[in-house]
Each structure stands twice: as C-alpha cells, then as structure tokens.
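Input: a single structure, listed below in structure tokens.
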Amino acid sequence: MAASNAPKINAPKGVPDYSPPRSRDFLAVREALSSAGSHAGYDYMELPVFESTELYVRGVGESTDVVSKEMYTFSDRGDRSITLRPEGTAGVMRAVIENRLDKGPLPVKLWYAGPFFRAERPQHGRYRQLQQVGVEAIGSDDPAVDAEVISLAYFAFKSLGLKNFHVDLTSLGCNDCRPNYRIVLQEFLNGLDLDEETQERARLNPLRVLDDKREQVQAQLEQAPLMMDHLCENCSEHYARVRTYLEAAGVIWRENPRMVRGLDYYTRTTFEFVHHGLGAQSGIGGGGRYDGLMSELGGSELSGIGYGLGVDRTLLACEAEGLTPFHDSIIDLYIIPIGQQAQLPAFSLMSQLRASGLACDMSFDARSIKSAMKNADRSGAPFVALLGDDEVAAGLVTLKSMSTGNQEQIALDAESISIKVRDRNTDVE
RNA sequence: GUGGGUGUAGCUCAGCUGGUAGAGCGCUGCGUUGUGGUCGCAGAUGCCGCGGGUUCAAGUCCCGUCACUCACCCCA
C-alpha cells in the first residue's frame, strides 16, 4: 500500500466523518430521532443551510455567544451577508412566514433535520458541523403542546435504549414577568465578587451567570433569586399545567430553576436533555417556547415551541451506554461467481434481484472462492449464492445459509431466489 | 478566545537512563482440487507529525511549528 507523494488533504478543523460501520449507527440514530416527529403529525420541512445573517442577528439575538462569535459568516457574490445556519428555529420561522403557513390551520407542526455550523473550539461531542433533528409547533399556547414536544424527544431517546440521561425543566417567564426578575437578579449579581468577563455577562444576559460551572462563582449564587419565584400568574399556571401533562405522558423530569439556554428567544417552558456519560458536552437535546420570535421576524403574533436534538451527541451517548451497533447487514444476499463462465450470469442475476428490491452484492475481481466467501462472511449477508459453471449449465444456483452452513441447489431464477432469501427464517436443506 | 495532554504500522499501543523500530488486532496468501466463521503457517505496510538544534550517534534530549485531544467559555 505505497502512498503517493501528493500531499494529503485533511478535513477542516472540527468536522466529523462517519465511516462504515459507524455510519450505519449514525443513520439509525438519526432515523430514530426523526421518526418521533414524523409519527406525531409533524410534517417535513426542507430548509436551506444558509440564510441572511440578519435572520440570526434579529432572531437569535446579538448578545448571544452563538451570534456574536460562533457564526460562519461571509459575503456572497452580490455582497450580501450570508451565514451558515447555527441553529434551526429561526430558519423555520422565516420559512413559515415566507410560505404563509402561519395563515393556514394551527398549530403548524413541522420537523427538520440536517447540518448546523458553529465556529467553536472543537472537543468531545462538540463539532463545527453538527447534525440536528428538530420539531417546531407554531401557533398554540396549550401547555399540552409543550408536554407533547418534550415527550416526543423523551421517548425518542428511550426508543434507542438510552437510560443514563435526565430532563431538566424550568420556566423562563414571559415579557411581563421576566424584565422585573432580571432587575432583581442584576441587583443581586452586582453585589458579588465576579471577574470582569462575568460582570459583563451579568449586564448583557444575567440569567446565564446562574449556569456558571466554576465553584467560586456557584458558591456565591446559593442565595440568588430564581425566575421560578418571580413568575407571573399566567406563567405559573401554564408551567403547572405543563407538568401535569408531562406526568400524564409518563415523562420523568427534574426541575432545574438554574437552567439557562443560550438563545435569547426562549420564554416560559424550557428544557434540556442531559446525558451522564459524555463528559463536558452533555446536552443531547434541548428546546423551549419562543413566544415573541415570530413577530420579531415580521410574522404573525404566534407563539411556538420546539426542540433540537443532537444526532452526533446522541450517537456518542448510545456508544457510551454500549447500545451500538444498531444495524443488521446492509445486504440480504451475496453472490459468488466461480470461474469465467459464471461472471456474466452472476452479474445479470444480481441486477434482476436488485430490481426486485433485494439488497445484494457480489464478489468482484474473480477472487478465489475462499476469499470471496470470506468477504461474504464479513458482509454479514445471511445468504450466499454460489454460481459455477456446473450450475449455469444446469440452470441452478447453490444457495447457502451463512448461519447454519446448510446449502441446496435451487433454480437459477430471480423470483425463486428472492422468495427464499426474503424469508430469513427459512433455512435451506 | 484561554489552559492542559498527546503525536511510533490500517487500529490500539510498547519502546527504560540516546546506539538507525516492535506487539496485539486487522489485512493478504497458504493449509482444500468449488465454500466463510475456529486453528496453524507465511507475508506486506512505518520520511517514529513537520522544521531546526545538541551529539560520533536522536523515536528517545532541547526549541519551534502543525495536527489531534480534553477542559474552560458556550452549546446539540
């Protein structure tokens, strides 16, 4: 395996490749997460991966870290400022407004999936291109919708077999009660001994100081006022009903009044799914209500709630719990031609079988039967079809079960092979 | 952006106080003249991340650099 002397090109910093066989697990995880929404009346939304920079500045908030220092922003040929999407909700809102979905039946329930981009320093579970699956339910204040969204994510994770995670839940209040609380909190924070950077954060987004992981900071926050205790009556009532519905759905959550989300648009119900086996980047999904976002972006005065689930991190979580691999073989039948005469009939058989919907592969390069069998074994195919000159002459194939080792000769006919192979439980004799 | 760690075969790694490279797994082939998984045998593959310095001699020491990685920040 002599390497050429041409210089190698590496992937840009912080972008993951998923190569086989792990790529199969990635696919399985993404499928499990997306089916949550698609099986619950959420319709698919296909969205661009880049948008006007303005969308995120206005929608997500200029003071957020995501917008202020983590966006991939560039000018296109027409000198427009374009940004690779760092999150999904703002883009969905833009599309809903642009496609007038907000004028149709409510709530609008959508799901989406794909890559997102943040120019952060990479580490375990934190990538510059990350894959996310999300849902958004727009145009309803019903606390049952909050509970629906949370339980969709909850049971999607459960469906993968995940156990070592929990749901943090809180309410961030609304435009009526949060401003007051914010002032109370800022007054409290001003009295603390904080470094300059943290003081700045206290000024811009005081809620986020509550989430500081450093001990010298946390120690000072024990007596900090909490949003929970300052919710207005509407928010308090709403939050109580969300919890009642969650209980009805069988979701187990943990109240975390200090939980904070990094995006400015969140109001009222917010939640985060935290896995315990991932190290520092432990959030595998999160979301919440965003009651002012739509109008902020020039649309109707509609409230909404949604989540984003991290496919990359969920895969890591599954691996941490020893749940992978999820996949079976990607093929049902492996065909081995023996000798020159059999090459063409084998290829022809494979083409017919594929056309009939059977997943199959064959041995190429006229390998020895021994090495072809080895490859067949590694492919994981439950059956192997051996096609030698004798068989071709007699119009037969030898069909072998790889699990039992038994084999029999059957007619060299796509239909009968297909029937035999599709029922993986039948053995050959 | 700030700190720590690591860079030796495809992968995981060993190489002590400096003397021009090793293991396991994997891979290829053979043991079967038409048959895999087990077992046995044989074999291939390394600019020891890159550049410079010290030295008779550097994978091993020093400096720089790049990459990866973990953590802070932030978040999926």
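Partner of A/D65 under the salt bridge (Lys or Arg N to Asp or Glu O under 4.0 Å) criterion, out of A/R261, A/R208, A/R118: A/R208 alone.
Between A/R208 and B/rC73 there is no side-chain N or O to OP1 or OP2 distance below 4.0 Å. For B/rU32, the OP1/OP2 oxygens have no side-chain nitrogen or oxygen of A/K370 closer than 4.0 Å. At B/rA71, one or more side-chain N or O atoms of A/Q123 fall inside 4.0 Å of OP1 or OP2 (strictly under the cut-off).
Closest-nucleotide positions on RNA chain B for A/R367 and A/L130 were compared, and the one nearer the 5' end corresponds to A/R367. Comparing A/N375 and A/D389 by the nucleotide of RNA chain B that holds the closest heavy atom to each, the one mapping nearer the 5' end is A/N375.
Here the P atom of nucleotide B/rC70 and the NZ atom of A/K13 are 12 Å apart, to the nearest Å. We find that CZ of A/R128 is positioned 13 Å from C1' of B/rC68, with the value rounded to whole Å. In this structure, A/R118 atom CZ and B/rC73 atom C1' are separated by 14 Å, rounded to whole Å. Note: CZ (A/R22) to P (B/rC11) measures 15 Å, nearest angstrom. Protein atom CD of A/E408 is 16 Å distant from nucleotide atom C1' of B/rU35, rounded to whole Å. Note: CE (A/M373) to P (B/rG37) measures 9 Å, nearest angstrom. Distance CD (A/E391) to C1' (B/rG34): 8 Å, rounded to an integer number of Å. Between the CZ atom of A/F117 and the P atom of B/rA76 there is a distance of 16 Å, rounded to whole Å.
Between the C1' atoms of B/rA71 and B/rG29, the separation comes to 48 Å (whole Å). Spacing between B/rU69 and B/rU12 at atom P, rounded to whole Å, works out to 12 Å. Of the P atoms belonging to B/rC16 and B/rU33, the separation is 46 Å, rounded to the nearest Å. Distance noted for atom C1' between B/rU17 and B/rC13: 22 Å (whole Å). Rounded to a whole angstrom, the distance from the C1' atom of B/rU45 to that of B/rG53 is 32 Å. Comparing the C1' positions of B/rU8 and B/rC74 gives an interatomic distance of 36 Å, to the nearest angstrom. Using atom P as the reference point in both B/rC62 and B/rC70, the two lie 26 Å apart (nearest Å). Using C1' as the reference atom, B/rC73 and B/rG1 are 8 Å apart when rounded to the nearest Å.
The aromatic rings of A/Y290 and A/Y265 lie perpendicular to each other, with more than 60° between the two planes, well past the 30° mark.
Distance alone, capped at 3.5 Å, places no donor-acceptor pair between the A/D361 side chain and the A/Y334 backbone. Side-chain atoms of A/S348 do not come within 3.5 Å of backbone N or O of A/L344 as any donor-acceptor pair. Put simply, the side chain of A/S151 gets close to the backbone of A/A147: a donor and an acceptor are under 3.5 Å apart. Looking at A/N205, its side chain never comes within 3.5 Å of a backbone N or O of A/R201 through a donor-acceptor pair. The backbone N or O of A/A359 lies less than 3.5 Å from a partner atom in the side chain of A/D332, making a donor-acceptor pair.
On a pure distance criterion of 3.5 Å, a polar donor-acceptor pair joins the side chain of A/K400 and the base of B/rU35. For A/D377 against B/rG37, no side-chain N or O and base N or O form a donor-acceptor pair under 3.5 Å.
Within residues 48-70 of chain A, the residues that have a heavy atom under 4.0 Å from RNA chain B are, in order of number, A/D65, A/E70.
When both distances must be under 3.5 Å, the Watson-Crick or G-U wobble mate of B/rG22 is B/rC13. In this structure, B/rC30 and B/rG40 make a Watson-Crick or G-U wobble pair, each of the two defining distances being under 3.5 angstrom. Within the shown strands, B/rG5 is the pairing partner of B/rC68 under the Watson-Crick or G-U definition, both distances less than 3.5 Å. Across all strands shown, B/rU45 has no partner, as no Watson-Crick or G-U wobble contact with both distances under 3.5 Å is found.
For A/E415, the CD atom counts as loosely surrounded, since its 6.0 Å shell holds 12 or fewer non-hydrogen atoms of other residues, nucleotides or ligands.
Within 4.0 Å (heavy atoms only), A/G279 reaches sugar-phosphate atoms of the nucleic acid but no base atom. At the heavy-atom level, A/F273 lies nowhere under 4.0 Å from the strands shown. A/L386 comes within 4.0 angstrom of a nucleotide base, judged by non-hydrogen atoms across all strands. Within the nucleic acid shown, A/D390 comes within 4.0 Å of at least one base atom, counting heavy atoms only.
When each of B/rA71, B/rG37, B/rC73 is scored by its nearest atom to the side-chain atoms of A/K374, the top-ranked nucleotide is B/rG37. You'll find that the side chain of A/I369 is closest to B/rG34, out of B/rG34, B/rA76, B/rG36.
Ion pairing of A/D291 with A/R289 is present here, as a side-chain N (NZ or NE/NH1/NH2) and a carboxylate O approach within less than 4.0 Å.
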Anything under 3.5 Å between a protein N or O and an N or O of nucleotides 1-4 of chain B, put it in a table, one pair a line.
from	atom 1	to	atom 2	distance (Å)
B/rU2	O4	A/R121	NH1	2.6

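In this structure, A/Y245 and A/P143 approach most closely via the heavy-atom pair CD1-C, 4.0 Å.
In this structure, OG on A/S171 lies 12.5 Å from CG on A/L226, to the nearest 0.5 angstrom.
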Would A/F50 and A/Y72 count as a side chain to side chain contact (heavy atoms under 4.5 Å, CB included) here? Give the steps.
CA-CA 10 Å; A/F50 60 85; A/Y72 280 100; over 6 Å; no
